[in-house]
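Working notes for the structure below.
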Amino acid sequence: MQNAVHANGEAVPVPRSEADYTGWEKARLLGKELSELLEDLGDAEFAYIRPSRFQFAVVFGNHAHDGMDPLLTAINDYREGCVAYRELPDDSPDSDDAAIAETYGPAMETLVNWNQRARSREAVVHALELIKSERLVIDGMATALLDACIPYIKGEMI
């Protein structure tokens, strides 16, 4: 930064024009500006920047409000329901439909009808693991989970 002489004789820094910055100086300057702007918007926003040769070189995202991805919560509810179902006694007087409705059924219905994007890498991993473990290749839940995960992987974040 150059200095100019103020009327009182003190040296005052003169800001450089953007054209004077090169390479990493410019990248750092622009990164700092973006960081300050995101801070003004609040803690819910973030950005991820890659070289321009990549598809979606600048990705903006939104953190889940409570730090938990709703998709991950739904997957965990489904898994817990499956465990509860498997732990039912074989001689249970409940019909199979009633047992499902009281264990994993509601969570499965939530996942089958899922229509939001994944918000975390952890949710993406768990969704893909669930698809694999349940051998869901044609089922509607698989399609919903893939639709939730693919935009995240591609960088099309919220």
Side-chain angles (χ1 to χ4, degrees), residues 18-19 21-158:
E18 218 175 288
Y21 290 96
T22 59
W24 281 108
E25 283 183 325
K26 189 170 187 175
R28 287 185 186 102
L29 174 70
L30 294 172
K32 184 176 179 180
E33 286 180 29
L34 177 59
S35 178
E36 290 169 354
L37 176 61
L38 290 174
E39 187 171 340
D40 291 343
L41 296 173
D43 289 339
E45 300 291 326
F46 66 91
Y48 178 72
I49 302 170
R50 300 185 298 180
S52 63
R53 70 180 177 275
F54 291 96
Q55 184 179 19
F56 307 108
V58 179
V59 179
F60 293 94
N62 187 322
H63 296 292
H65 295 283
D66 61 0
M68 185 59 139
D69 188 320
L71 178 60
L72 184 58
T73 300
I75 291 169
N76 288 337
D77 290 348
Y78 174 77
R79 286 185 172 150
E80 290 170 10
C82 289
V83 169
Y85 180 81
R86 286 191 298 272
E87 290 177 349
L88 291 174
D90 289 336
D91 58 349
S92 173
D94 292 336
S95 71
D96 199 42
D97 288 341
I100 290 169
E102 291 188 27
T103 56
Y104 69 85
M108 184 173 111
E109 186 69 22
T110 297
L111 290 172
V112 167
N113 294 307
W114 195 263
N115 63 3
Q116 301 174 43
R117 294 179 176 183
R119 296 183 179 185
S120 68
R121 186 174 304 278
E122 184 180 12
V124 171
V125 169
H126 283 266
L128 295 174
E129 287 174 342
L130 180 61
I131 290 168
K132 182 180 177 184
S133 70
E134 297 286 323
R135 293 176 174 78
L136 302 171
V137 292
I138 300 174
D139 189 87
M141 186 187 347
T143 302
L145 292 174
L146 289 170
D147 287 344
C149 297
I150 290 170
Y152 182 90
I153 292 169
K154 289 171 63 178
E156 300 172 357
M157 299 171 67
I158 301 168

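Owing to the predicted nature of the structure, the values given are computational and were not obtained by experimental measurement.
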Taking the side chain as every heavy atom from C-beta outward, state whether V125 and E129 have any pair of such atoms under 4.5 Å apart.
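With C-beta onward as the side chain, the pair touches.
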
So, taking the atom named CD1 in I100 and the one named CE in M108, what distance separates them when rounded to the nearest 0.5 Å?
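Spacing of CD1 (I100) from CE (M108) equals 7.5 Å.
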
Nearest 0.5 Å, please: how far is CG in L72 from CG in D77?
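Between D77 CG and L72 CG, I get 9.5 Å after rounding to 0.5 Å.
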
Please find the pair of heavy atoms, one from [X] and one from [Y], that lie closest to each other, and give the distance.
X	Y	answer
A148	W114	CB-CD1, 3.8 Å
Y85	A99	CE1-CB, 3.9 Å
A74	A107	O-CB, 4.3 Å
P70	R119	CD-CD, 4.1 Å

Where do L130 and R79 land on the side chain to side chain contact (heavy atoms under 4.5 Å, CB included) test, with the steps shown first?
CA-CA 9 Å; L130 180 61; R79 286 185 172 150; 4.1 Å; yes

Could you give me the CA-CA distance, side-chain angles and deciding distance for L71 and L111, then say whether side chain to side chain contact (heavy atoms under 4.5 Å, CB included) is met?
CA-CA 8 Å; L71 178 60; L111 290 172; 4.0 Å; yes

Going by side chain to side chain donor-acceptor pair (under 3.5 Å), name the residues that satisfy it together with R28, two or more places apart in sequence or in a different chain.
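If we apply the side chain to side chain donor-acceptor pair (under 3.5 Å) test to R28, skipping adjacent residues, there are no hits.
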
